[in-house]
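This one's a predicted model, so the numbers in the text were calculated from it and none came from an experiment. Quick note on labels: first sequence line is chain A, next is B, and so on, each numbered from 1.
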There are 2 protein chains.
Amino acid sequence: MRLLLNNISGLFQTEDGTATRARVYGQDMANIPSITNAWLLIEDHRIHSFGKMEDQPQSHADEVIDCTGQSVLPAWCDSHTHLVFAAPRDGEFVDRIKGLSYEEIARRGGGILNSARKLNETSEEVLYEQALHRLNAVIATGTGAIEIKSGYGLNLEGELKMLRVIRKLKENSPATIKSTFLAAHAYPIEYQNNRPAYLELIINKILPIVSGEGLADYMDVFCEKGFFDIDATAQLLEAGWKYGLKPKIHANQLHYSGGVQIGVRHNAISVDHLECVGDEEIEALKGSNTIPTLLPGAAFFLGMHYQPARKMIDAGLPVCLATDYNPGSCPSGNIPLLLSIACTQLKMTPEEAVNAVTINGAAAMELQNDLGTIKTEKKANLIITQKIPSLAYIPYDYGNNPVQKMILEGKIV
Amino acid sequence: MRLLLNNISGLFQTEDGTATRARVYGQDMANIPSITNAWLLIEDHRIHSFGKMEDQPQSHADEVIDCTGQSVLPAWCDSHTHLVFAAPRDGEFVDRIKGLSYEEIARRGGGILNSARKLNETSEEVLYEQALHRLNAVIATGTGAIEIKSGYGLNLEGELKMLRVIRKLKENSPATIKSTFLAAHAYPIEYQNNRPAYLELIINKILPIVSGEGLADYMDVFCEKGFFDIDATAQLLEAGWKYGLKPKIHANQLHYSGGVQIGVRHNAISVDHLECVGDEEIEALKGSNTIPTLLPGAAFFLGMHYQPARKMIDAGLPVCLATDYNPGSCPSGNIPLLLSIACTQLKMTPEEAVNAVTINGAAAMELQNDLGTIKTEKKANLIITQKIPSLAYIPYDYGNNPVQKMILEGKIV
């Protein structure tokens, strides 16, 4: 099956056959390689070839799509979500507007513990149907690869249930999915006065089963004051490594907690959130393999201060953006809107923001060889936009969906 | 033609037959009267009757819609937009991210003057088609009444062209539309050194024709440092009143300019923007008939500080919200997203925000007798939502469209 896209107004984030860009750093993020007036040929589920219309070779195609006035980009790679959950938390949203902090709500048994209660009362089938509905909604706004975490089970049964839902999504959705084990999301009420016992449960009981059944690609810990401290985080990450689960962790959302440093020390794929990042955190990240992933959708929704993206880009870091889609602090998985927030609030340029959710997003899920750029032999996960005048128009036109058609695994979805 | 909505999970913003609420003030904004499990009967283009399902009388209907799990609200009333424009300004968006201020861009001939150049090069037909496309897009997110301004013509021909486009939208769209004359949006380049001559042109040449052809409902002035000062504003508003055009003005976006006070003094229907509002401005508004209209979408898009909504509500003012949809400072007419910004950034509760875009939005267009609440004999401009668990879910679920179906003038659109 060969699908040909013709007369593409702007083919963005192209990569030629020889160079390999695993991620983009600092000031290089200001550039998005592109071809004006381009064609692209998909064969089966891969990108076969692409180029300028004027140089188009004769080739047979089973289907041709005319993309006059439209642009084509690699589908977004959303490297941090909690897409599987049982119920919205619109009540807490109102509590917060009225003055309660996220931490106060958590202390009262709301927050993650609220989601955990509801998740444990909800069947695997219902969780799957709800998550699939959300996944299809974010695909419609351009997402083609997504990481999804457990972390609302907080016990053996609940965590396994979540991870099985993610596995079922992997099996049934054309989106590329990575699964992360996050039992260390909050201490369950019954362990509040015996925290080491919960670590013990995770490390000695749940983790071996998760690993044995191949249910997770990564290990995550919510490293934060009031949640998992540095020592607990270190213990958990070491245990994860033993079972082959690389770390991707929550760090520095609410405090300068040392989370970034502990992540780097354990060679985390990424450290995520980063509202609280200063010179020390940036120094720790420089020269490391760990990708700093910013989640400004959560900062927007909680009305907090934003991540210092400019400072991090200027320091040469390979900044990544992800949605944090979850029912408590960011009930949105809409990447075009995330790009608008990144440009208007974090002062990232449109090119920087697009690099952050394509090539760097792919890198934060170790998918850089398969996704994140338009490259021969990479998977054909592509966005065909509405008619738009420029790349900048995507974050500029905030609140609207720039996507006209999605192609995943080479097929229009 | 009788259309019956049955099993409505929440019928919001209801008003019984005797009471009349022209607008909602201060702490009363925290309440949205509602009926759980309701029916509503539309006859022709009006609301005929409504009530609780258990009290539903026998009545013939030509069509019945089952709204189980869904809510019904009055359609949004967006009282401040610049929906008619010729081209996006995504280039300036990038300039601003890179550090230029909105005022600097304006001084360089960008901003409003950029839009004016493009508008004057664009035909009435093309302007109409583009505006209709935008209007249909905002109807799809729940807008049922909208104010649209001129102000990108900045000369006789251009201003009349814009106002004729708005008139054609009025004639052809099922949305309720109000038209505002805003020649005093910026000084054209050719008048920069002779500003009084531009006031003279507006007052003695354009205004009489606008009035004579019945092209506008309101008179607007961009009262701001670097734009129209207090004296010019006063002169323009007085001239407007002579021709029967009541004022609705731009005030206090960038500075404590005295715009609020001059608006109140001229009995403006509304003063709009209000990023810069302190005790004096609030005092001026108290006891006046002038509605304070906040445009936080522009503050979001420009990355500026937000309006002090809490302080204004606590002071007892009838706060209104509008989108400011325009190509420079707010290229979005999406009211559900505006509600999310109002709740997360201005700390308005969902009920306050909904009051601000329904009953108070209607009042800011003098449509309170016809729109803004669910009341017998009012126009049937209604939102039927997706399945949502609460009113708060609308701003909570940010980036998604809560609207499943729109009814305008009693018909599904």
Review point. Rounded to the nearest 0.5 Å, what separation is found between the CZ atom of B:Phe301 and the CD1 atom of B:Ile341?
Key: 11.0 Å
Could you please show the donor-acceptor pairs under 3.5 angstrom between chain A and chain B, with distances rounded to 0.1 Å?
from     : atom 1 : to       : atom 2 : distance (Å)
A:Arg89  : N      : B:Tyr396 : OH     : 2.9
A:Asp90  : OD2    : B:Ser390 : OG     : 2.4
A:Gly297 : O      : B:Tyr398 : OH     : 3.2
A:Phe300 : O      : B:Gln345 : NE2    : 2.7
A:Pro327 : O      : B:Tyr396 : OH     : 2.5
A:Ser332 : OG     : B:Tyr398 : O      : 3.1
A:Asn334 : ND2    : B:Gly399 : O      : 3.2
A:Gln345 : NE2    : B:Phe300 : O      : 2.7
A:Ser390 : OG     : B:Asp90  : OD2    : 2.4
A:Tyr396 : OH     : B:Arg89  : N      : 2.9
A:Tyr396 : OH     : B:Pro327 : O      : 2.5
A:Tyr398 : O      : B:Ser332 : OG     : 3.1
A:Tyr398 : OH     : B:Gly297 : O      : 3.2
A:Gly399 : O      : B:Asn334 : ND2    : 3.2

**Study point:** Min side-chain heavy-atom separation B:Pro350-A:Val94 under 4.5 Å
**Key:** yes
Exercise for review: Apply side chain to side chain contact (heavy atoms under 4.5 Å, CB included) to A:Ile394 and A:Leu339, showing your working.
Suggested key: CA-CA 8 Å; A:Ile394 295 174; A:Leu339 297 177; 4.0 Å; yes
Review point. With only heavy atoms counted, which part of A:Pro327 is less than 4.5 Å from chain B, the side chain, the backbone, both or neither?
Key: both
Point to revise | Residue pair B:Pro88 / B:Pro331, side-chain heavy-atom distance below 4.5 Å | key: no
Point to revise | Proximal component of B:Leu346, with respect to chain A [non-hydrogen, under 4.5 Å] | key: neither
Point to revise | B:Ile8 CD1 to B:Ile384 CD1 distance, which is reported to the nearest 0.5 Å | key: 7.5 Å
Review point. Is B:Val72 close to B:Ile383 at the side-chain level, that is, under 4.5 Å between some pair of heavy atoms?
Key: no
Exercise for review: Would you check if B:Val277 and B:Leu294 make a side-chain contact, meaning some heavy-atom pair closer than 4.5 Å?
Suggested key: no
Point to revise | B:Pro395 versus chain A, the contacting section by heavy-atom distance below 4.5 Å | key: both
Review point. Non-hydrogen atoms of chain B under 4.5 Å away: do they reach the side chain of A:Leu302, the backbone, both or neither?
Key: backbone
Review point. Between B:Ile32 and B:Leu391, does a side chain to side chain contact (heavy atoms under 4.5 Å, CB included) hold up when you go through it step by step?
Key: CA-CA 9 Å; B:Ile32 296 276; B:Leu391 188 71; 4.0 Å; yes
